[in-house]
Asker: 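A single structure is presented below for examination.
Keep in mind it's a predicted model, so treat the numbers as computed, not measured.
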Amino acid sequence: MDSVLHSSFLRRGVTAGGDDGGAPLPEVLARFMVTKASWRGRYRRVLAVTPTAVVTQHPDDLAVTNSYTFASEAGEVSNLDDAGPVGGTGDEQEFVLNVRSDPRSKYKPVKFMSRQRGALLAALYQALADARGCPVARKVLGVDVLVDAHKLRKGSWYPVQLRITAVAVERIDVATGATRWRLEFRHMGSPGVRLLRSSEGDPAGALPFALCAHPGWGNRVYASAKRDAAVKHLVATASKKLGISVAVDTAARMTAGELVAAASSVERERAAELGEAPLSEWEAHRMRLPLGPPDRSGEAGGARQHKRRLVITARSLLERRTDTYEVAARRPLSDVAAIVRYARQPQWLGVEWCDGGPVALYVTPSRNGLAAALLDAAQEAAGRPIPVLPELTAPGASVRSGDFATASSSPATSPDPELEAIALSALAAAARAALPALKLLRPLGSAPPGGGGDSGGAGGGVVAGEGQGGGGGGVRPPG
């Protein structure tokens with residue numbers, strides 16, 4: 001479904017005219033395979049979202065074909081005027097960018113299709129929201145809606161504030177204003193919102209409800225006097241901005257306490273299953289980093305810690321609270337995309353997920369033992385090799401093409417013939433570029449081209465395209 005190309009090739013400085021001497025692309029936040037529809041017909045493109053522009057690249061050589069800037073230091077010019085989903089059925093979903101080629105041109109709609117439409121638009125909207133000097137951010141994204149609410153935690157209600165943006169619902173800490181939790185619309189479960197029945201002990205005048213994510217991510221229970229209006233706005237925003245339908249369960253069969261009890265009962269039943277017997281247990285601290293682009297090297301500035309007992313079973317990775325042994329989180333091992341053994345932080349361990357979930361970060365003195373146990377169990381459960389990386393996968397290092405709700409930056413978990421062809425083209429181009437240097441790196445004592453030396457003797461490395469021989473032959477790599 002997805003494939004990963006080497007970031008150095010993805011950042012190649014090729015321009016629209018095929019000139020290989022252009023400046024490299026800036027930092028890339030996400031890349032997607034799309035189909036572009038124009039007067040010339042339909043053809044494939046790689047669409048890249050950077051902090052200041054939307055860039056399309058030719059899939060054969062990744063030459064930049066178009067670039068639409070939406071942010072600049074002056075903050076006056078934008079070649080992107082609007083973006084959003086349009087109707088359509090089939091494997092690929094349609095969306096439109098209202099763009100122009102330069103500030104003197106008129107805006108015109110350009111239609112694209114992608115199986116990752118929701119993820120693509122979410123990445124673009126987040127770039128617009130984070131950009132400085134973006135004159136169209138408010139027009140494209142609209143105005144965030146703030147909702148006063150209460151959060152249920154360990155049987156008690158705490159005041160919080162919910163913020164509904166163009167791509168997600170977020171929980172804001174009332175005291176500090178920091179974003180403590182975020183759930184994107186595309187990661188919501190079915191149903192995504194569950195209305196609950198009021199009960200004694202609920203905040204006065206507030207109506208309870210639950211925001212539901214993918215299975216294993218955990219649900220969050222809130223109560224608000226503006227519940228119905230907030231849910232209506234959430235559903236409308238997800239549909240209008242991302243083309244995503246968020247299902248709402250309006251039956252209100254359970255109270256908030258009954259929902260929490262039912263979830264705990266399900267966990268106890270699951271723990272008794274044969275495949276959920278513990279293989280190993282580890283003490284660790286779960287790190288909650290400030291929301292935003294993750295620090296790939298493992299710096300812990302601003303992080304909050306929660307002590308957890310990690311339980312590895314044949315099918316799952318469980319986080320249990322150390323005081324009550326309750327399950328705080330459960331993730332299937334088959335969803336592990338990569339294990340990150342931080343090179344600069346000897347006690348840090350990260351887990352990247354292929355289902356779009358946030359990276360799980362842990363700190364423990366037993367990092368290497370935990371990594372080995374987790375790797376063995378995850379590879380057995382997933383039935384595929386799982387890479388161990390020295391740092392988090394860089395945003396934009398992977399090209400998304402499938403219809404699975406993958407993360408914006410994580411290694412591929414299944415092959416994609418189209419992207420494999422691009423990767424092979426990248427390798428071939430890199431080999432051609434390196435050939436002149438290889439010809440200069442001739443081993444000491446070897447004969448010059450045409451000099452009649454023995455190309456097949458011991459130590460007689462063969463330069464690509466020159467000579468054939470027996471033992472010791474082969475292309476000598478640079479250095």
Side-chain angles (χ1 to χ4, degrees), residues 29-30 49-54 68-86 95-99 107 109 117-151 159-188 192-193 195 206-207 209 211 213 220 222-248 290-293 408:
L29 304 177
V49 179
T50 78
T52 59
V54 176
Y68 306 110
T69 303
F70 54 74
S72 62
E73 294 183 2
E76 299 175 355
V77 177
S78 174
N79 292 330
L80 173 70
D81 184 58
D82 203 356
V86 296
F95 64 97
V96 169
L97 302 181
N98 203 37
V99 294
Y107 292 106
R117 179 179 68 178
L120 190 156
L121 290 175
L124 174 58
Y125 294 156
Q126 194 60 51
L128 290 169
D130 295 339
R132 295 183 178 181
C134 181
V136 297
R138 186 182 182 91
K139 174 184 178 181
V140 177
L141 303 178
V143 180
D144 295 344
V145 172
L146 297 176
V147 181
D148 293 328
H150 289 77
K151 179 182 183 294
V160 297
Q161 198 170 52
L162 297 178
R163 177 168 59 200
I164 303 173
T165 71
V167 300
V169 55
E170 303 172 344
R171 186 178 77 243
I172 310 300
D173 190 305
V174 175
T176 64
T179 302
R180 295 301 187 188
W181 173 81
R182 188 171 190 263
L183 177 61
E184 292 192 25
F185 301 143
R186 63 193 181 98
H187 294 154
M188 300 188 82
V193 182
L195 305 187
L207 300 174
F209 63 102
L211 296 177
R220 300 293 190 274
Y222 298 97
S224 173
K226 299 180 179 179
R227 179 192 70 178
D228 294 344
V231 170
K232 182 179 180 180
H233 179 75
L234 184 154
V235 172
T237 301
S239 176
K240 180 180 179 181
K241 296 298 183 182
L242 300 179
I244 294 175
S245 299
V246 175
V248 180
L291 292 181
S408 59

Asker: Taking distance alone, no hydrogens or angles, what donor-acceptor pairs closer than 3.5 Å link side-chain atoms of residues 137-147 to residues at least two apart or in another chain?
Answerer:
from: Lys139; atom 1: NZ; to: Asp81; atom 2: OD1; distance (Å): 2.9
from: Lys139; atom 1: NZ; to: Asp81; atom 2: OD2; distance (Å): 2.7

Asker: Nearest 0.5 Å please: distance from the CZ atom of Arg186 over to the CG atom of Leu120.
Answerer: 10.0 Å
Asker: Once you round to the nearest 0.5 Å, how far does CG of Asp148 lie from CD of Gln161?
Answerer: 5.0 Å
Asker: Please give me the minimum heavy-atom distance between Asn98 and Pro109, naming the atom from each residue.
Answerer: OD1-N, 3.2 Å
Asker: Is there side-chain contact between Val246 and Val193, with heavy atoms separated by less than 4.5 Å?
Answerer: yes
Asker: Could you give me the CA-CA distance, side-chain angles and deciding distance for Arg227 and Leu195, then say whether side chain to side chain contact (heavy atoms under 4.5 Å, CB included) is met?
Answerer: CA-CA 9 Å; Arg227 179 192 70 178; Leu195 305 187; 4.0 Å; yes
Asker: About how many Å separate NE2 of His187 and CD1 of Ile244, when rounded to the nearest 0.5 Å?
Answerer: 8.5 Å
Asker: Does Phe185 have any ring-ring contact (aromatic ring centres under 6.0 Å, His included) partners at least two apart in sequence or in another chain, and if so, which?
Answerer: none
Asker: With a 3.5 Å cut-off and no angle check, do the side chains of Arg163 and Thr179 form a donor-acceptor pair?
Answerer: yes
Asker: Looking at every non-hydrogen atom in both residues, tell me the closest pair between Val167 and Ala122 and how far apart they are.
Answerer: CG1-CA, 3.7 Å
Asker: Is there a side-chain contact between Leu211 and Trp181 (heavy atoms, below 4.5 Å)?
Answerer: yes
Asker: At what distance, to the nearest 0.5 angstrom, does NZ of Lys240 lie from NE2 of His233?
Answerer: 9.5 Å
Asker: Holding to salt bridge (charged side-chain N to carboxylate O under 4.0 Å, His left out), I want the full list of residues that pass it with Asp82, two or more places apart in sequence or in another chain.
Answerer: none
Asker: To the closest 0.5 Å, what do you measure between CG (Leu97) and OH (Tyr107)?
Answerer: 12.5 Å
Asker: Could you tell me whether the side chain of Arg117 and the main chain of Val86 form a donor-acceptor pair under 3.5 Å?
Answerer: yes
Asker: State, to 0.1 Å, how close Pro85 and Gly243 come at their nearest heavy-atom pair, and which atoms those are.
Answerer: CG-N, 3.4 Å
Asker: Taking C-beta and beyond as the side chain, do Val54 and Phe70 meet within less than 4.5 Å on heavy atoms?
Answerer: yes
Asker: Flag yes if more than 12 heavy atoms outside Lys226 fall under 6.0 Å of its NZ atom; otherwise flag no.
Answerer: no
Asker: Using side-chain heavy atoms (C-beta onward) and a distance below 4.5 Å, is Val231 in contact with Val248?
Answerer: yes
Asker: Hey, mind stepping through Ser224 and Phe209 against side chain to side chain contact (heavy atoms under 4.5 Å, CB included) and telling me if it holds?
Answerer: CA-CA 8 Å; Ser224 173; Phe209 63 102; 4.3 Å; yes
Asker: Kindly give the heavy-atom pair with the smallest separation between Lys241 and Ala166, and that separation in Å.
Answerer: CB-O, 3.6 Å
Asker: Contact between Pro51 and Asp130 at the side-chain level, heavy atoms closer than 4.5 Å - yes or no?
Answerer: no
Asker: Would Tyr222 and Arg171 count as having a side-chain donor-acceptor pair, cut-off 3.5 Å?
Answerer: yes
Asker: Evaluate the side-chain proximity of Leu183 to Val169: yes if any heavy-atom separation is below 4.5 Å, no if none is.
Answerer: yes
Asker: Does a side-chain heavy-atom distance below 4.5 Å link Ile164 with Glu170?
Answerer: no
Asker: At what distance, to the nearest 0.5 angstrom, does CG of Leu80 lie from CG of Leu124?
Answerer: 6.0 Å
